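Along the sequence shown, residues are numbered consecutively beginning with 1. Remember, it's a predicted structure, so these values are computed and weren't measured experimentally.
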Amino acid sequence: MSSVEHILYTLEAEHSYREWMRNIRVSQNEEGQIPQIVPSGNWGYENYNGPSMGGILFEIPYQMYRYRGDIEIIKENASAMMKYLQFMDKMRKE
């Protein structure tokens, strides 16, 4: 069981996760990069932080979908997910 999944099942943290996802979307810069910590206060973009923070963009909606079967969380974050994947693709080419 992943930590996201465990927290959903034991603490019913859906509302908190939705709010965190909103903060991630707001913190994402124009290039698609996500800062090292979210919420960030507009810092944390200087060094590439790797896919772990960006992976949250995918893991939380996936686990919430598995937990409730509701695709709204995926719809809410789909454009941020695509933007992040484009950023990662650009980083790969450089």
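The distance from the CZ atom of F87 to the CD atom of Q33 is 4.0 Å, given to the nearest 0.5 Å. The line from CE of M88 to NZ of K83 is 15.5 Å long, rounded to the nearest 0.5 Å.
Other residues, nucleotides and ligands contribute more than 12 heavy atoms inside 6.0 Å of the CG atom of L85. Crowding of Y62 atom OH: a count of heavy atoms from other residues, nucleotides or ligands under 6.0 Å not exceeding 12.
Looking at Q28 and R25, their side chains never bring a donor and an acceptor atom within 3.5 Å of each other.
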(message) For a side-chain contact (heavy atoms from CB on, under 4.5 Å) check, start with the C-alpha distance between M64 and I74, then their side-chain angles and the critical distance, and finish with the verdict.
(response) CA-CA 9 Å; M64 286 181 66; I74 296 170; over 6 Å; no

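When side chains are defined from C-beta on, L57 counts as touching M21, because their heavy atoms get closer than 4.5 Å. Between D70 and Y65, every side-chain heavy-atom pair lies at or beyond the 4.5 Å cut-off. Considering only heavy atoms from C-beta on, R18 stays 4.5 Å or farther from H15 through its side chain.
When each of D89, I24, I34 is paired with Y84, the side-chain contact (heavy atoms from CB on, under 4.5 Å) condition holds for I34 and for no other.
Looking only at distances, no side-chain donor or acceptor of N77 sits under 3.5 Å from a matching main-chain atom of A80.
Residues P35 and S27 share a closest heavy-atom pair of CD-O, 3.6 Å.
Under 4.0 Å is where a charged nitrogen must lie from a carboxylate oxygen, and between R22 and E76 no such pair does.
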